Amino acid sequence: MRILVLHGPNLNLLGIREPQLYGTASLDEINKRIMQWANREGIEADIRQSNLEGELVTWIQEAIGRYQGIVINPAAYTHTSIALRDAIVSAGIPTVEVHLSNIYRREPFRHQSFIAGVAVGQVSGFGSDSYLLGLQAIVEHLRKGRPSKS
Ligand code: DQA
């Protein structure tokens, strides 16, 4: 099973960026944990980060036929990007949305996600564990063969 893990804008600054909100782990450290989890589970995971909306859209399109699932932290694009939402729908690849912080405990503009309505589900608020929980969720979902829109 191949899973694509996508990190959106500013997540390359994890560790130094607002550590009170996002924790002190760097993106490299989080990625190492993701790879360790994937290896233990026998999952192939590819991880990418971009600050560019269009690049994320392209990667989602290119995932068609190559990945069975996507775990994405769209970061600020969560709250703005219809393009990312459309890409997820167009690709038809079951996707789990993850956030380090609990977006519903923060500013009102973060309460809206353009992604949640087309995702299998969302994990929000567990720090870097959100990625591992999201991975677990997508893998279980795919193993059970649930339809992506249920
Ligand atoms: C975030 C939450 C977003 O609102 C914010 O723009 C981010 C990070 C999170 O992981 O908690 O960049 O996606």
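One is the number of the first residue; the rest follow in order along the sequence. Given the structure is predicted, the values throughout are model-derived calculations rather than measurements. Counting convention: from 1, in listed order, for ligands and their atoms alike.
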How many angstroms lie between atom OG1 of Thr95 and atom CD1 of Ile115, to the nearest 0.5 angstrom?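 The CD1 atom of Ile115 is 9.0 Å from OG1 of Thr95, to the nearest 0.5 Å.
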State if His7 counts as touching ligand 1 under the rule of any non-hydrogen atom under 4.0 Å. no
Check whether any heavy atom of Asn10 sits under 4.0 Å from an atom of ligand 1. no
Should Leu100 be counted as touching ligand 1, given the test is an N or O pair under 3.5 Å? yes
Would you check whether Ala76 has a nitrogen or oxygen atom less than 3.5 angstrom from a nitrogen or oxygen atom of ligand 1?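 Checking ligand 1 against Ala76, an N or O pair does fall under 3.5 Å apart.
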Can you see whether Tyr67 engages Asp46 through a side-chain donor-acceptor pair at a distance of less than 3.5 angstrom?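 Side-chain D/A pair, Tyr67 to Asp46: present.
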Those atoms of ligand 1 less than 4.0 Å from some heavy atom in [X]:
X: His79; answer: 3 (C), 4 (O)
X: Arg17; answer: 7 (C), 12 (O)
X: Ser101; answer: 2 (C), 9 (C), 11 (O)

Is the backbone of Phe114 close enough, under 3.5 Å, to the side chain of Arg85 for a donor and an acceptor to pair up by distance? yes
Side chain Gln49, main chain Gly8, donor-acceptor under 3.5 Å: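 Such a contact is found between Gln49 side chain and Gly8 backbone.
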Dump the intermediate steps for salt bridge (charged side-chain N to carboxylate O under 4.0 Å, His left out) on Glu41 and Arg143, then the final yes or no. CA-CA 12 Å; Glu41 292 292 316; Arg143 283 186 178 145; 3.8 Å; yes
Starting from atom 1 (C) of ligand 1, find the nearest protein heavy-atom neighbour and note its residue, name and distance.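 Ranking protein heavy atoms by distance from atom 1 (C) of ligand 1, first comes His99 ND1, 3.6 Å.
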Report yes if some heavy atom in the side chain of Val71 is under 4.5 Å from a heavy atom in the side chain of Ile34; otherwise report no.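 Not touching, per the 4.5 Å side-chain cut-off.
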Pick from Leu6, Leu56, Asn12, Leu11: which one makes a side chain to side chain contact (heavy atoms under 4.5 Å, CB included) with Ser50?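 With Ser50 as partner, Leu6, Leu56, Asn12, Leu11 yield a single side chain to side chain contact (heavy atoms under 4.5 Å, CB included), made by Leu56.
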Under 4.0 Å, heavy atoms only, figure out whether ligand 1 is touched by the backbone of Arg110, its side chain, both or neither. side chain
